[in-house]
2 protein chains.
Amino acid sequence: MGRWQPDARARLQEAALALYGERGYDETTVAEIAERAGLTKRTFFRYFADKREVLFWGSELLEQQMVAAIEAAPAGASPLGMIGAALDAAAQRFEEVRDFTGPRHRIIASSRELQERELIKAASLSAAMAQALRARGVADNAATLTALTGTTLMHVAFEQWVDDPQRRPFALFAGDALAQLRDIAATG
Amino acid sequence: MGRWQPDARARLQEAALALYGERGYDETTVAEIAERAGLTKRTFFRYFADKREVLFWGSELLEQQMVAAIEAAPAGASPLGMIGAALDAAAQRFEEVRDFTGPRHRIIASSRELQERELIKAASLSAAMAQALRARGVADNAATLTALTGTTLMHVAFEQWVDDPQRRPFALFAGDALAQLRDIAATG
DNA sequence: AAGGGTGATGTCACCTGGTGTCATCAGACT
DNA sequence: AGTCTGATGACACCAGGTGACATCACCCTT
């Protein structure tokens, strides 16, 4: 056994999730999180850029998987078809982490600071998907618009999925959202 | 003349815009803004909730005008038609403040904190428009999805409008974005 | 076995954003 | 003249965040 307990990062994440849940985000101090993890405030900031980021570690993975799905979409797929592929990838990831997602989502919903951070993560995802769409030959503006629309679809589907007492699959809600978007765009 | 210079809020806004532009957001201190306005740090925080908010004063006005446009849309208008009306209202407001918009937008683009704040303002706008759509009889989910889509359209159009050397009207870009969205939704 | 890296952590000092509390004082009102 | 009021200043304080340096178990080399 080494000098230090292993998995400092994971311990900090667990401590933060627990404390944010028990006492609220604003009422929790970084020093308290660190103490619960057996570390110091300084070490917390070596692993996470700020007090918010501890809840968003791993969000790059979702982004990478959705981008990869766009890159791997069949030739000749429409822009919205490629977004559909990205949403399928998101569905898979969400189902994997389903049990962590609910509590985490409630914590984020309780704090404006955390909502801001989540929104900029979504913006980053949109930008990455837009880039991937351009690489697949989608025109500049259309890529931006399609990627933003894809993020909107994901958001709407996520909100329904995370609160669904029947725990139906994410893909179901994503499909509904896409169909509804088509309906809205056509009926106008 | 009173004991204090009038328009403390406006002076703080001007000082902040100038300093954020000259030296950058991160390198500017609230104490410096206050000093430039002839006030103290404590007074700054009486007018603005935080260092970011000073750039977003008045954003409720845009929200109110877009909501009012939805409320005033002709009976029988489609959801996307009501969003079109809201975008027309936004166009009017944007043209009014065009000269302030460019510098302000560049400052926001230079700071992650400020981008986060702008994103949550957009989210607030989406929520308000969704509520207005529901009040006009649009179904719950469709209202959310339509409002988010409207915000996306506004964002895309805004980015093109603010950087347009020919200074063409916002409504032009908004119309293009809407047409492009219809195309994307249909082709897929 | 001795000795010198190495890397994760601790310690400490410091800055800044943000807030609570109380004092101050010009002008309005009585 | 006396009092009230509202905007501001002064001051102390907390928490997030950072830079600089010390510490020390482990590993590697000789």
Side-chain angles (χ1 to χ4, degrees), chain A residues 1-57 107-108 110-118 120-121, chain B residues 1-57 107-108 110-118 120-121:
Chain A
M1 197 179 97
R3 179 182 179 191
W4 303 286
Q5 301 287 326
D7 290 322
R9 167 168 276 126
R11 268 154 50 218
L12 287 167
Q13 283 179 297
E14 285 166 26
L17 198 68
L19 286 171
Y20 291 169
E22 291 167 16
R23 322 175 33 179
Y25 172 81
D26 285 332
E27 288 69 38
T28 300
T29 259
V30 172
E32 290 167 347
I33 298 170
E35 189 187 4
R36 177 142 168 173
L39 296 165
T40 62
K41 174 186 151 189
R42 193 67 186 83
T43 298
F44 177 95
F45 287 113
R46 287 198 178 97
Y47 283 98
F48 303 104
D50 57 46
K51 190 186 169 187
R52 298 163 277 298
E53 204 65 16
V54 64
L55 283 180
F56 294 91
W57 188 260
I107 291 169
I108 292 172
S110 75
S111 156
R112 179 177 168 151
E113 276 185 28
L114 291 172
Q115 288 170 55
E116 288 185 336
R117 182 56 49 88
E118 182 157 78
I120 207 168
K121 296 289 181 186
Chain B
M1 192 179 100
R3 178 181 180 191
W4 304 284
Q5 302 287 324
D7 290 323
R9 166 168 276 126
R11 270 154 49 220
L12 286 166
Q13 283 179 298
E14 285 165 25
L17 198 68
L19 287 171
Y20 291 169
E22 291 167 15
R23 323 176 31 179
Y25 173 80
D26 285 332
E27 288 70 38
T28 300
T29 258
V30 172
E32 290 168 347
I33 298 171
E35 189 186 5
R36 178 143 169 172
L39 296 165
T40 62
K41 173 187 150 189
R42 193 66 186 85
T43 299
F44 178 95
F45 287 113
R46 288 198 179 97
Y47 282 99
F48 303 103
D50 57 46
K51 192 186 169 187
R52 298 163 277 297
E53 206 65 16
V54 65
L55 283 180
F56 294 91
W57 188 259
I107 291 169
I108 291 172
S110 75
S111 156
R112 179 178 166 149
E113 274 184 30
L114 292 171
Q115 288 170 54
E116 288 186 336
R117 182 55 51 87
E118 182 158 77
I120 208 167
K121 296 288 182 187

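Each chain gets a letter, A, B and so on, in the order its sequence line appears, and its residues count up from 1.
Closest contact between the side chain of B:Ala8 and the listed nucleotides D:dG17, D:dC11, D:dT8 involves D:dT8. If you check D:dT8, D:dG19, D:dG16 against the side chain of A:Val30, the one that comes closest is D:dG16. Residue A:Lys51 places its side chain closer to D:dG17 than to any other of D:dG17, D:dT18, C:dG20.
B:Phe44 comes within 4.0 angstrom of no nucleic acid atom, judged by non-hydrogen atoms across all strands.
Taking only distance into account, the side chain of A:Lys41 meets the base of D:dG17 through a donor-acceptor pair shorter than 3.5 Å. Counting atom types as modelled, A:Arg52 pairs no side-chain N or O with a base atom of D:dG16 as donor and acceptor under 3.5 Å. Donor-acceptor pairing under 3.5 Å, judged by distance alone, is absent between the side chain of A:Arg46 and the base of D:dG17.
We find that B:Arg9 and B:Glu14 are not joined by a salt bridge, their nearest charged nitrogen and carboxylate oxygen being 4.0 Å or further apart.
At the phosphate of C:dT9, neither OP1 nor OP2 sits under 4.0 Å from any side-chain N or O atom of A:Thr40. Distances shown here put a side-chain N or O of A:Thr43 below 4.0 Å from the OP1 or OP2 atom of C:dG10. Contact check, B:Tyr47 against D:dT8: a side-chain N or O comes under 4.0 Å of OP1 or OP2.
A cation-pi arrangement is absent between A:Lys51 and A:Phe45, since the terminal nitrogen or guanidinium carbon is not both under 6.0 Å from the aromatic centre and inside a 45° cone about the axis.
When rounded to the nearest whole Å, the span between CD of A:Glu27 and P of D:dG16 equals 11 Å.
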> Does the salt bridge (charged side-chain N to carboxylate O under 4.0 Å, His left out) test come out yes or no for B:Lys121 and A:Glu116, once each step is laid out?
Replying inline: CA-CA 9 Å; B:Lys121 296 288 182 187; A:Glu116 288 185 336; over 6 Å; no
